[in-house]
Amino acid sequence: MSNAVKTIGVLTSGGDAPGMNAAIRAVVRTSISNGLNVKGIRRGYAGLLEEDIVDMNNLAVSDIIQTGGTILYTARCQEFRKEEYQKKGAEICKKHGIDGVVVIGGDGSFNGASKLASFGINTIGVPGTIDLDIACTEYTIGFDTAINTAMEAIDKLRDTSESHERCSIVEVMGRTAGHIALWTGIASGAEYILTTEEFHGDIQRIISKVQDRRRLGKKNHIIVNAEGVGNSNEMAKLIELATGIETRATVLGHIQRGGNPTCKDRVYASAMGAKAVELLCEGKTNRVVGYHHGEFIDFDIQEALAMEKGLDPYLFHITKKLTTR
Ligand code: ADP
Ligand code: F6P
């Protein structure tokens, strides 16, 4: 098979996610083994516009599979939302001989990828975000590591909450999606899981539940709160005032985005990076890689962006039973 592209560029964009380095490594090594040149575009679309472009070889991606973050750095670039800059980005690719680009990021980054494709650069998206909020795929790079990080943190909070007989509100990331909250809430045996999709501000129900559990002898209470639901510190004050139980809020924040990727994130990110290069070699463009029912597949970017994703209905269903103590 003769390759449809000769030089592949790879960039990471939007929020970083553990496993992005494994994906970069796979893009570089699969490209080289297919006889292609490969260049790293640093700092996402911002770096593309500034021509921050470096040659990559097998050694450049040695010893990175186990590391969090992204060796190519990442950025958010508002300019790239405008057509003149998208066109400029495509021209810069051509100037550097880049005829195929792999964009590792979330939905926003895929919008940018699609624009590059419309200006003649073969472009493939790889889902990289801890939020799991990309509808066309059951897996996104970094989610598995992030939920394990959050779960371990909540286990630790449980210890100190028990010692002090406190209520603890733990805020997890996810932008407007509740997947991280749902998974970590189940895994840590939370008494309450608040997600943007399912919680509509009924704080009185939480207060009543905390009071019921306390009457039954429960000494600590863990409430996992998805960012976007509401201010965790304010909620803590309301719960403490209504129940008389000391309540603390902990915002886990960016620690969820770092750390060594789990085995799953390393392996799936490697598969997705390799798949993206294979698609480019087949002459495909404007596609995004996904994982569905045990297979790595690809979708048209516009179709993928039009899909909608809710919380896993069965996981949500079981939380109602499992959070009863
Ligand atoms: P994510 O990729 O994780 O969803 P963002 O939504 O912040 O993160 O998007 C990352 C970057 O993708 C933006 O900073 C911008 O450079 C680019 N981008 C986002 N939306 C668009 C768009 N509609 N058109 C072109 N580029 C976009
Ligand atoms: O999309 C990943 C994410 O970590 C979201 O969960 C969060 O809302 C956002 O990025 C935080 O962005 P920033 O790093 O710009 O604070």
Side-chain angles (χ1 to χ4, degrees), residues 10-20 23 41-50 52 68-70 72-90 92-93 101-119 121 123-137 140-147 149-150 170-184 195-197 224-232 251-259 265 272 286 288-289 301-302 304-307 309:
V10 54
L11 64 84
T12 48
S13 167
D16 65 347
M20 280 184 164
I41 301 164
R42 304 205 299 179
R43 299 173 18 258
Y45 297 119
L48 173 62
L49 295 177
E50 289 162 16
D52 191 355
T70 159
L72 291 176
Y73 305 97
T74 186
R76 294 196 169 95
C77 172
Q78 294 310 321
E79 279 178 338
F80 205 72
R81 293 170 190 266
K82 296 187 195 142
E83 191 176 309
E84 60 177 298
Y85 290 100
Q86 296 155 3
K87 207 167 157 198
K88 184 177 169 197
I92 290 170
C93 285
V101 172
V102 177
V103 171
I104 305 168
D107 275 347
S109 304
F110 296 162
N111 268 304
S114 186
K115 298 293 165 34
L116 268 186
S118 73
F119 288 110
I121 304 298
T123 308
I124 305 291
V126 169
T129 168
I130 64 164
D131 300 336
L132 194 71
D133 61 347
I134 299 178
C136 70
T137 182
T140 62
I141 295 170
F143 175 72
D144 191 57
T145 307
I147 55 176
T149 300
V170 194
E171 185 174 309
V172 295
M173 278 188 163
R175 208 181 290 224
T176 55
H179 307 287
I180 296 177
L182 183 62
W183 278 71
T184 56
T195 62
T196 38
E197 293 87 343
V224 174
N225 184 32
E227 73 169 324
V229 166
N231 184 305
S232 298
V251 179
L252 294 186
H254 290 82
I255 63 162
Q256 294 161 95
R257 289 235 299 259
D265 274 331
M272 286 183 155
N286 202 40
V288 56
V289 177
I301 292 187
Q302 298 313 327
L305 290 173
M307 294 177 190
K309 180 174 195 160

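We count ligands from 1, going down the list as the structure has it; atoms in each ligand are counted the same way.
- A pairwise comparison of heavy atoms in Ser109 and Tyr45 identifies O-OH, 2.6 Å as the closest pair.
- The distance from the OG atom of Ser13 to the CE atom of Met20 is 8.0 Å, given to the nearest 0.5 Å.
- Distance CG/Asp107 to CD1/Ile134: 5.0 Å, rounded to 0.5 Å.
- Given atom 1 (O) of ligand 2, the protein heavy atom at minimum distance is Asp131 OD2, 2.6 Å.
- Here the protein heavy atom with the shortest distance to atom 16 (O) of ligand 2 is His254 NE2, 3.0 Å.
- Using a 4.0 Å cut-off between charged nitrogen and carboxylate oxygen, Lys88 and Glu79 do not count as a salt-bridge pair.
- Each of the atoms 25 (C), 26 (N), 27 (C) of ligand 1 lies under 4.0 Å from some heavy atom of Gly112.
- The nearest heavy-atom contact from the protein to atom 23 (N) of ligand 1 is Asn111 CB, 3.5 Å.
- Partner of Thr140 under the side-chain contact (heavy atoms from CB on, under 4.5 Å) criterion, chosen from Thr129, Asp265, Val126: Thr129.
- Shown here for Gly128 and Ile104, the closest heavy-atom pair between the two residues is CA-CG2, 4.4 Å.
- Atoms of ligand 1 found under 4.0 Å from any heavy atom of Arg175, numbered from 1 in the order shown, are 3 (O), 6 (O), 8 (O).
- Of the protein's heavy atoms, Gly108 O, 3.2 Å lies nearest to atom 18 (N) of ligand 1.
- A side-chain contact (heavy atoms from CB on, under 4.5 Å) with Gln256 holds for exactly one of Asp131, Thr145, Ile147, Ile130; it is Ile130.
- What sits closest to atom 7 (O) of ligand 1 on the protein, heavy atoms only, is Arg76 NE, 2.8 Å.
- At a heavy-atom distance under 4.0 Å, atoms from both the backbone and the side chain of Phe80 approach ligand 1.
- Distance check: Asn286 CG to Ser118 OG gives 8.0 Å after rounding to the nearest 0.5 Å.
- When each of Thr70, Asp52, Thr12, Leu11 is checked for a side-chain contact (heavy atoms from CB on, under 4.5 Å) with Arg42, only Asp52 meets the rule.
- Residue Gly106 has at least one heavy-atom neighbour below 4.0 Å for each of these atoms of ligand 1: 1 (P), 2 (O), 3 (O), 4 (O).
- In terms of polar-atom proximity, Ala75 is not counted as a contact of ligand 1, lacking any N or O under 3.5 Å from an N or O of the ligand.
- Counting heavy atoms closer than 4.0 Å to ligand 1, residue Gln86 contributes side-chain atoms (C-beta onward) but none from N, CA, C or O.
- Contact detail for Glu171 and Gly230: the closest heavy-atom pair is OE1-O, 4.0 Å.
- From Phe143, atom CZ reaches atom CG of Asp133 across 10.0 Å, with rounding to the nearest 0.5 Å.
- Nearest approach of Gly178 to Thr196, heavy atoms of both residues: N-OG1, 4.1 Å.
- With atom 13 (C) of ligand 1 as the reference point, the heavy atom nearest to it among Cys77, Gly14, Gly105, Ser114 is part of Cys77.
- Considering backbone and side-chain N/O of Tyr45, none are found under 3.5 Å from N/O of ligand 1.
- Residue contacts with ligand 2 include Gly174, since one of its heavy atoms falls under 4.0 Å from the ligand.
- Listed by atom number, the atoms of ligand 2 under 4.0 Å from Arg175 heavy atoms are 1 (O), 5 (C), 6 (O), 8 (O).
- Taking any N or O of Arg81, backbone or side chain, at least one lies under 3.5 Å from an N or O belonging to ligand 1.
- Looking only at protein heavy atoms, the nearest one to atom 2 (O) of ligand 1 is Ser109 OG, 2.5 Å.
- The two residues Ile301 and Phe110 come nearest to each other via the heavy atoms CG2-O, 3.7 Å.
- Counting the atoms of ligand 1 from 1 in the order shown, those under 4.0 Å from a heavy atom of Ser13 are 10 (C), 11 (C), 12 (O).
- Summary of contacts: the protein heavy atom closest to atom 15 (O) of ligand 2 is Arg76 NH1, 2.7 Å.
- Scanning Gln256, Arg257, Glu227, Met173 for the heavy atom closest to atom 12 (O) of ligand 2 points to Arg257.
- For the ligand labelled ligand 1, residue Asp107 lies inside the 4.0 Å heavy-atom shell.
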